[in-house]
Amino acid sequence: MSILNQTRRGGRSRYLAAALLALAGALLVALPGAAQAKPRHHKRKHADVTVMTRNLYLGADLGPAIGATSIPDFIEKNGQILRDVDTNNFPVRAKGLAKEILKRKPDLVGLQEVSLWRIGPVNLGAAATGGCRKAKAAGTPCTATTVKYDYLKLLLKRLNQGKKRYRVVRVQRQFDFEAPADYDGDSTTNPLGDLDGRLTMRDAILARVGAGVHTRKARSGNYKTLYQPTISGIEVPVHRGWVSVNARVRRSRSFRFIDTHLEAFGDPTIREAQAKELYKGAGAPAKTRLPVILVGDLNSDDNTVSGGDRLAYNALKGAGFRDRATEKPLSCCVKSSILTDDQGSKSDFDHHIDQILTRDPGKVKLVHSAVSGRSPANGYWDSDHAGVSSKLRIFR
């Protein structure tokens, strides 16, 4: 047999074998219950990001001063506020707050009530104008410059003890007010007060250092809709606002992180209007094509509070935001303005207003959520609020 004939016969054999295999494959596919190869699905790429909202508690209840019936009563109430701030001892409370944050290791933290307390000589002109912004415009600026407590500086000192673990992304100044106070509690010697006390409220975003957290385009602003109580005949605008930043964490897709503190006093429609300013109008921080993570003290919820206090939350829900934080356990609030460990109890936590919300649910999934700070530490509650943190899975 020639080599040529062998090659031809071998070729016909291979063709016949291939045809038989193809026929067998077709029969297998046609038969009921025949095993079929499963198509391969590529896993969606994602990164897990942990975020936290933490209200630090400004240090005292401002309600009595807001409701003062006369100038002497106002000065007396201001003195009590300053003494309560001393009693609530933020330098010690900062230890517990830092421990909470370091345990949860959030990549981004939204802080509210980041108070800056200052004192100075009595300056009636500053209080008479209704706040430090108005006082500056009127040519009678606030003059209390001696720092008593800088909550941001004190917290960072605890967080970064021995090693830098968190950095400030952006700070936004909110309510800024200075007024005379009867700090020593003896109005007979100084009926107009013995010093001025100044409270500057701030919100801030912190980012974790050395954890692949990249931030850019940090922005902040104040709401147009304000609570403006009249105190002893003087209208006082209470400025509140928001802080935002675009972020990427460990190769996640970019997202926008927003921290805010909606109004606590006045008509609930004020909170609702502020919530709408987050996503409506020019420059609104949530007006973006990026996935949005919104954290903060919203003073609103859809099921643990009643009546008008649901308005702000429902406005955000109507704009496509979804709840990404646990309500088991609840996170608010100690029912005492004094946070020593003999005041308040765990049963005080009966509602949920410290929120973590996201928009663009197709790109963000809740992995798990936790609440911290529901028990006293170091002789104090860390804050009147608890801390809320969530691990979120962000898909590309």
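Not measured: the values here are computed from a predicted model.
Other residues sharing a hydrophobic cluster with Ile258 under the 4.5 Å side-chain heavy-atom criterion for ILVMFWY residues are Tyr223, Trp242, Leu262, Leu278, Tyr279, Val292, Leu294, Leu298, Tyr313, Leu316, Phe321, Leu357. Clustering of Ile, Leu, Val, Met, Phe, Trp and Tyr side chains at separations under 4.5 Å places Val147 together with Leu116. Members clustered with Ile353: Val305, by chain and number, using a 4.5 Å side-chain heavy-atom cutoff among hydrophobic residues.
Proximity of a side-chain donor or acceptor of Ser369 to a complementary backbone N or O of Ser389 within less than 3.5 Å is detected. No side-chain donor-acceptor contact under 3.5 Å links Gln355 to the backbone of Asp323. In terms of modelled atom types and a separation under 3.5 Å, the side chain of Arg93 and the main chain of Asn88 share a donor-acceptor contact.
When all heavy atoms of Gly125 and Thr140 are compared, the closest pair comes out as O-OG1, 3.6 Å. Here the closest heavy-atom approach between residue Met52 and residue Val295 is recorded as O-CG2, 4.2 Å. Contact between Ser336 and Gly344 at its shortest, heavy atoms only, is CB-N, 4.5 Å. Here the closest non-hydrogen pair linking Val213 and Ala207 is CG1-CB, 4.0 Å. Annotation for Asp341 and Trp381: closest pair CA-NE1, 4.4 Å, computed over non-hydrogen atoms. Among all heavy-atom pairs drawn from Ser300 and Asp309, the shortest one is OG-O, 2.5 Å.
The existence of a salt bridge linking Arg54 and Glu100 is confirmed by a sub-4.0 Å separation between a basic side-chain nitrogen and an acidic carboxylate oxygen. The pair Lys77-Asp182 fails the salt-bridge criterion, with no side-chain N (NZ, NE, NH1 or NH2) lying under 4.0 Å from an Asp/Glu carboxylate O. With respect to the salt-bridge test (charged N to carboxylate O, under 4.0 angstrom), the residues Arg310 and Asp302 do not qualify. Between Arg240 and Glu263 there is a salt bridge, since at least one side-chain N of the basic residue sits less than 4.0 Å from a carboxylate O of the acidic one.
Cluster annotation: Ile101 is connected to Leu154 through the hydrophobic network of ILVMFWY side chains, with a link wherever side-chain heavy atoms come within less than 4.5 Å. Linking Ile, Leu, Val, Met, Phe, Trp and Tyr residues whenever their side-chain heavy atoms come within less than 4.5 Å places Phe255 and Ile356 in a single cluster.
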Would you list the atom pairs, donor with acceptor, under 3.5 Å between side chains in residues 191-200 and any protein atom, with sequence neighbours excluded?
residue	atom	partner	partner atom	Å
Asp194	OD1	Tyr183	N	2.9
Asp194	OD2	Asp184	N	3.0
Asp196	OD1	Asn123	N	3.3
Asp196	OD2	Asn123	N	3.2
Arg198	NE	Asp176	OD1	3.0
Arg198	NH2	Asp176	OD2	2.9
Thr200	OG1	Arg118	NH2	2.8
Thr200	OG1	Asp176	OD1	2.8

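Of the listed residues (Leu111, Val114, Asp354), just one forms a side-chain contact (heavy atoms from CB on, under 4.5 Å) with Asn55, and that residue is Asp354. Each of Arg167, Lys391, Arg250, Arg165 was checked for a salt bridge (Lys or Arg N to Asp or Glu O under 4.0 Å) with Asp107, and the lone residue meeting it is Arg250.
Atom NZ of Lys365 sits in a sparse spot, with 12 or fewer heavy atoms from other residues, nucleotides or ligands closer than 6.0 Å. The environment of Leu311 atom CG is dense: over 12 non-hydrogen atoms of other residues, nucleotides or ligands sit within 6.0 angstrom.
Side-chain contact, Asp301 with Thr304: a donor N or O sits under 3.5 Å from an acceptor N or O. Side chains of Arg271 and Gln274: no donor on one and acceptor on the other come within 3.5 Å.
When the side chain to side chain donor-acceptor pair (under 3.5 Å) test is applied to Lys335, the partners found at least two apart in sequence or on another chain are Asp350. The salt bridge (Lys or Arg N to Asp or Glu O under 4.0 Å) search around Lys164 returns none, not counting sequence neighbours.
Taking the six-membered ring where the residue is Trp, the centroids of His239 and Phe175 are separated by 6.0 Å or more.
With Phe349 as the aromatic partner, Arg374 meets the cation-pi criteria of under 6.0 angstrom to the ring centre and within 45 degrees of the ring axis.
Relative orientation of the Tyr149 and Tyr151 rings is perpendicular, given thresholds of 30° and 60° on the angle between their planes.
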